[in-house]
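Everything below concerns the one structure shown next.
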Amino acid sequence: MAEKSPAADVEAGLLAHLNSTGEVPDSRAFASSLGVSHLELEGVIKSLSAFRIVDSTDIIKETWVLTDEAKGYAARGSPEAQLVAAIPPEGASKDALKAKLGDAFDVGMKAAARNKWIGFEKGNKDLVLRKVENVEDELQEQLKRLENGEVVPDKVIDDLKRRKLITKEKSIWYSLKKGPEFVVKRKTLATDVTTEHLRSGDWKDLEFKDYNYGAQGQPIAKGYVQPLMEVREAIENIFIMMGFTEMPTNNFVESSFWNFDALFQPQQHPARDSHDTFFLKAPAATSQLPEDYLEKVKQVHQSGGYGSKGYGYDWKRDEAEKNLLRTHTTAVSTRILYKLAQEKPFAPKRYYSIDRVFRNEAVDRTHLAEFHQIEGLICDYGLTLGDLIGVLEDFFSSLGMSKLRFKPAYNPYTEPSMEIFSYHDGLKKWVEVGNSGMFRPEMLLPMGLPEGVNVIAWGLSLERPTMILYGIDNIRDLFGPKVDFNLIKSNPLCRLGL
Ligand code: PHE
């Protein structure tokens, strides 16, 4: 048997009353006759109404309730009465009274003066004298009456309103009658057959509660996928559908050679400054660079070749050997293109990568010092800018961005270069979504790729589309130590516009 709860007592009391008198005209009065709060009775009424055991009608009334300040006065007396009570026969200094009354001092002084309960000695405004023996604390009386739900005159209400001691509140209570399913005692339905029931045989007489087939099960505890990883996988699937193979991105540490020099990025380029790039202290330099190729890279920077004039500066090996945290995944693309160039005969390829890159940036709502780059490239004979535009349109429309625009741009390693913009329906504007171009001959020919082979390539961040897709406007809510686990737990499946 379930233990008898206070709610069960309230229910029994209510049903017994309805059984004998047929109605409860005012649930609030009834609650106080039972000695329980109206809230408690309300719970019982709701449950009984749901089973149509009682019929309830709402009674909505606006009542005056005491503010916290007024509740204090109802308990301890009005400030003016407290003030008078605090004055000894010989009088008291204002400071002493202030210390005793605290917040109530100012109001108490004013009201007590108005009532002529206090006065001052001639020439001494600091000594407060008491002018009456006993005061009748009418304010406290009225507040107590209001608190007990008793009626007070309108004039008093106006006065309390003016002093901001009461506020209007809507309250709801009920009048009750027997419902169509009225019973004096609710049958408790069994939910389980226990060994006890089987032993005693009383299961034969039990009434069982219906199964609720609509009830939801407990959520299953399982792992959750971070939104970035969700979008990463979706993008990976697009690349794979388009026939791309993944490049190995497993080295965050890269040499300046592969990150910059091999990309025909001059050694005095501002991106190679420590304000933009994280250089390693230990090991500060790499000792392994392909010598033949390095020599060709040096030549093309210094004096050109392959139809180029080069940059005409004194190329330094030290600079190329400096280790850094890769600033773009184009370093990975460069390595793989060099490897591809060594394989004879040449075979066309499509490659992609998605991994982390690092930049010495000031962190703000849209920038972190580390983020993920997505990069794709196609290497084949006779590719044109038209091919690049076509591939970008295929790729981005798979991501749900079908309105694209291109803007001429500059990268040391591509010519021509284009920034990619997509029209964002939600933001109602064109947003930059990536960068692209055709790798320069000064980059490809020293690697040993055959004449006539072009590489079209593009890169974008993973964070940007993820933020747009998930409506996140601060990158720190998506990545890093401030990510809220609930964001990950409630992360919906990511379906791109495939
Ligand atoms: N590396 C470029 C960046 O970091 C992206 C890019 C990749 C541009 C390939 C052109 C070609 O923004």
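Residue numbers count from 1 along this sequence. Note that ligands are numbered from 1 as they come in the structure, with each ligand's atoms numbered from 1 the same way. None of the values given here were measured: they were computed from a predicted structure. Heavy-atom basis, side chains included; hydrogens, waters and symmetry copies ignored.
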>> Ring centroids only, cut at 6.0 angstrom: are Tyr413 and His328 within range, meaning strictly under it?
In response: yes

>> Please tell me whether Phe257 and Tyr293 form a close aromatic pair, meaning their ring centres lie under 6.0 Å apart.
In response: yes

>> Taking salt bridge (Lys or Arg N to Asp or Glu O under 4.0 Å) as the definition, give me every residue that meets it alongside Asp477, ordered by chain and number, with sequence neighbours left out.
In response: none

> Partners of Arg186 by side chain to side chain contact (heavy atoms under 4.5 Å, CB included), sequence neighbours excluded?
Replying inline: Glu11, Ser47, Leu48, Phe51, Ile53, Val183

>> Can you classify the ring geometry of Phe239 versus Tyr352 as parallel (below 30°), tilted (30 to 60°) or perpendicular (above 60°)?
In response: parallel

Just list the N/O pairs, ligand 1 to protein, that are under 3.5 Å apart, with the distance for each.
unit_1: ligand 1; atom_1: 1 (N); unit_2: His328; atom_2: ND1; d: 3.2
unit_1: ligand 1; atom_1: 1 (N); unit_2: Thr330; atom_2: OG1; d: 2.8
unit_1: ligand 1; atom_1: 1 (N); unit_2: Tyr413; atom_2: OH; d: 2.9
unit_1: ligand 1; atom_1: 4 (O); unit_2: Arg359; atom_2: NH2; d: 3.0
unit_1: ligand 1; atom_1: 4 (O); unit_2: Gln373; atom_2: NE2; d: 2.9

In residues 435-455, what donor-acceptor pairs under 3.5 Å come from side-chain atoms, sequence neighbours left out?
unit_1: Asn435; atom_1: OD1; unit_2: Asn411; atom_2: ND2; d: 3.2
unit_1: Asn435; atom_1: ND2; unit_2: Asn411; atom_2: OD1; d: 3.1
unit_1: Ser436; atom_1: OG; unit_2: Met418; atom_2: O; d: 3.0
unit_1: Arg440; atom_1: NE; unit_2: Glu442; atom_2: OE1; d: 3.2
unit_1: Arg440; atom_1: NH2; unit_2: Glu442; atom_2: OE2; d: 3.3
unit_1: Glu442; atom_1: OE2; unit_2: Ser308; atom_2: OG; d: 2.9
unit_1: Asn454; atom_1: OD1; unit_2: Leu383; atom_2: N; d: 3.1

